[in-house]
Amino acid sequence: MSRHLLVTGGAGFIGSSFVRHVLAHTDARVTVLDKLTYAGSTANLHGLPTDRVRLVVGDIADAALVEELVAPLTGEGDAIVHCAAESHNDNSLHDPSPFLHTNLVGTFTLLEAARRHGTRFHHISTDEVYGELDLDAPERFTETTPYNPSSPYSATKAGSDLLVRAWVRSFGVRATLSNCSNNYGPRQHVEKFIPRQITSLIDGVRPRLYGTGENVRDWIHAEDHSSAVLTILEKGRIGQTYLIGADGERSNLEVVQLLLQLMGREVDDFDHVPDRPGHDLRYAIDPTKLREELGWSPSCPDFAAGLAATVDWYRRHEAWWRPQKAAAEAKYARRGR
Ligand code: NAD
Ligand code: TDX
């Protein structure tokens, strides 16, 4: 019998990328547990083999449902891969409540089930738990950087990481953690920076840059995030944290200008809008441990090429993003951004 993975949030951007990666590179069966919030879509799982992927629509904080799904995961190689989260900083500034429910109570509910059944657990987290770096600081985040989250989103992700670490230490849960930098690629919700600007440009609307645009993010293709998570699941040491990044630091201004070039517009054809409150200046990952200990390396390290392919994907998949676009922009308009 092939191994069986429970992927929470598997109908979202990174979760569905991970499910595709698993199907292509292993013989595992996958159960997706996803609440299908505004960020999740069955379209993200279209075309996948139904004999290997099953979608269960539900909440990771529903203890009875989680018990039913985790109880059978006792075979060699079976695991929970926990991607589900409320994931957008801007939303967390306007209504933190769902972030506490999903990121904290949801993670707790899954950990309790993993504890009861001895199930292997991998927790997907973010570099934002470490707070911000100065623009000109020589260092990058490592596995020993102290936690210093800035937003309700990153605070709840930091809290979820600490729960996982405590469940490893106190209860012997067989868990690993990964903290990844900013992802881009197909199927990312139009509320996020890169898809927002691409889809606005398709509509002839100028990109919106928060503040000065000097803020730096460390971009990695979602496919590389997925390959790193599978590597950690298969080879990572229990109790360890691995940072995932692909040396992709770029200022937001550079990203907008690259997009404008790729889409045939003048490089100053964008607007500055009011900054995000508490906006972290810079994130940057030192992925040495993952590369040296587990031998992982990215397969799409060329950001400009990856971005061009992503623009192409959004151009070819208007039916995928169009239904979300007006609502996402209406939210931004209400917030003055
Ligand atoms: P996303 O918002 O695109 O997807 C989240 C998914 O979780 C959606 O399908 C949603 O329906 C589901 N979900 C939300 N609440 C749920 C609940 N209570 N029960 C079940 N399902 C629920 O997010 P994403 O960008 O794919 O992020 C996935 C994970 O990766 C998150 O844990 C996030 O913190 C982490 N991460 C994201 C990035 C990034 O750049 N996007 C970078 C590093 C880490
Ligand atoms: O319109 C915009 N203009 C703009 O300048 C938007 C939506 C964003 N920005 C800026 C804010 C950030 O500096 O772009 C940068 C990226 O913004 P987001 O896409 O909202 O991502 P970020 O806040 O960096 O968080 C992302 O990476 C880490 C994900 O959303 C998180 O889930 C992940 O943990």
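Atoms within each ligand, like the ligands themselves, are counted from 1 in listed order.
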Hey, which of Tyr314, Trp321, Trp320 is the one that makes side-chain contact (heavy atoms from CB on, under 4.5 Å) with Glu318?
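With Glu318 as partner, side-chain contact (heavy atoms from CB on, under 4.5 Å) holds for just one option, Trp321.
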I need the single residue from Asn179, Asn148, Thr142 that forms a side-chain contact (heavy atoms from CB on, under 4.5 Å) with Tyr130. Which is it?
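By the side-chain contact (heavy atoms from CB on, under 4.5 Å) criterion, Tyr130 pairs with just one of Asn179, Asn148, Thr142: Asn179.
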Under 3.5 Å side-chain donor-acceptor pair for [X] and [Y]:
| X | Y | result |
| --- | --- | --- |
| His4 | Thr31 | yes |
| Asp224 | Ser299 | yes |
| Lys192 | Ser87 | yes |
| Gln324 | Tyr38 | no |
| Ser227 | His21 | no |
| Glu86 | His101 | no |
| Ser150 | Asp280 | yes |
| Ser200 | Lys325 | yes |
| Arg20 | Ser226 | no |
| Ser181 | Trp219 | no |
| Thr288 | Asp286 | yes |
| Asp161 | Ser125 | yes |
| Asn103 | Ser160 | no |

List every atom of ligand 2 that sits less than 4.0 Å from any heavy atom of Leu209, numbering the atoms from 1 in the order shown and giving each element.
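Close to Leu209: 5 (O).
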Which atoms of ligand 2 sit under 4.0 Å from any heavy atom of Tyr153?
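Answer, ordered by atom number: 31 (C), 32 (O), 33 (C), 34 (O).
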Heavy-atom nearest neighbour in the protein, as seen from [atom], with distance rounded to 0.1 Å:
| atom | value |
| --- | --- |
| atom 25 (O) of ligand 2 | Glu128 OE2, 2.6 Å |
| atom 3 (N) of ligand 2 | Arg208 O, 2.8 Å |
| atom 7 (C) of ligand 2 | Tyr332 OH, 3.3 Å |
| atom 10 (C) of ligand 2 | Asn252 ND2, 3.4 Å |
| atom 32 (O) of ligand 2 | Ser87 O, 2.8 Å |
| atom 5 (O) of ligand 2 | Tyr210 N, 2.8 Å |
| atom 1 (O) of ligand 2 | Arg196 NH1, 2.8 Å |
| atom 19 (N) of ligand 1 | Ile60 N, 3.0 Å |

Is it the case that more than 12 heavy atoms not belonging to Arg169 sit under 6.0 Å from its CZ atom?
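Incorrect, the count does not exceed 12.
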Is the count of non-hydrogen atoms from other residues, nucleotides or ligands lying under 6.0 Å from Glu76 atom CD greater than 12?
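Counting neighbours around CD of Glu76, 12 or fewer heavy atoms of other residues, nucleotides or ligands fall under 6.0 Å, so no.
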May I ask you to list the atoms of ligand 1 that are less than 4.0 angstrom from any heavy atom of [X]?
| X | answer |
| --- | --- |
| Gly40 | 8 (C), 9 (O), 11 (O) |
| Thr126 | 43 (C), 44 (C) |
| Ala84 | 7 (O), 21 (N), 22 (C) |
| Ile124 | 30 (O), 32 (O), 35 (C) |
| Gly58 | 19 (N), 20 (C) |
| Ala11 | 9 (O) |

Any nitrogen or oxygen of [X] lying under 3.5 Å from a nitrogen or oxygen in ligand 1? Just yes or no.
| X | value |
| --- | --- |
| Asn182 | no |
| Asp34 | yes |
| Asp59 | yes |
| Glu86 | no |
| Thr37 | yes |
| Ser125 | no |
| Cys180 | no |
| Leu33 | no |

Please work out whether any backbone atom (N, CA, C, O) or any side-chain heavy atom from C-beta onward of [X] is under 4.0 Å from ligand 2, and answer side chain, backbone, both or neither.
| X | result |
| --- | --- |
| Lys192 | both |
| His279 | side chain |
| Arg337 | neither |

Donor-acceptor contact below 3.5 Å, side chain Gln197 vs main chain Arg208:
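Confirmed, Gln197 side chain pairs with Arg208 backbone.
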Does Arg120 reach the main-chain N or O of Ala79 with its side chain, forming a donor-acceptor pair under 3.5 Å?
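Side chain of Arg120 to backbone of Ala79, a donor-acceptor pair under 3.5 Å: no, none is there.
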So is Glu191 polar-close to ligand 2, meaning N/O to N/O under 3.5 Å?
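So ligand 2 has no N or O lying under 3.5 Å from an N or O of Glu191.
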Where's the contact between His88 and ligand 1, heavy-atom distance under 4.0 Å: side chain, backbone, both or neither?
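It is neither part, as no heavy atom is under 4.0 Å.
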Just to be sure I read this right, does ligand 1 sit under 4.0 Å from the backbone of Ser181, its side chain, both, or neither, counting only heavy atoms?
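Ser181 to ligand 1: backbone contact only, side chain stays beyond 4.0 Å.
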Could you check whether any heavy atom of [X] sits closer than 4.0 Å to an atom of ligand 1, since that is the contact criterion I want to use?
| X | answer |
| --- | --- |
| His189 | no |
| Gly106 | no |
| Ser17 | no |
| Pro98 | no |
| Tyr153 | yes |

Heavy atoms only: which of [options] is nearest to [atom]?
| atom | options | answer |
| --- | --- | --- |
| atom 21 (O) of ligand 2 | Val256, Ile194, Asn182, Asn91 | Asn182 |
| atom 27 (O) of ligand 1 | Leu110, Leu36, Ile14 | Ile14 |
| atom 31 (C) of ligand 1 | Cys83, Ser87, Gly185 | Cys83 |
| atom 24 (O) of ligand 2 | Arg217, His189, Arg276 | Arg217 |

Relative to each other, are the rings of His279 and Tyr210 parallel, tilted or perpendicular (30° and 60° limits)?
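Taking Tyr210 first and then His279, their aromatic rings stand perpendicular (interplane angle over 60°).
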Find out whether His123 and Leu177 are in side-chain contact, i.e. whether some heavy atom of one side chain is under 4.5 Å from a heavy atom of the other.
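Yes, their side chains come closer than 4.5 Å.
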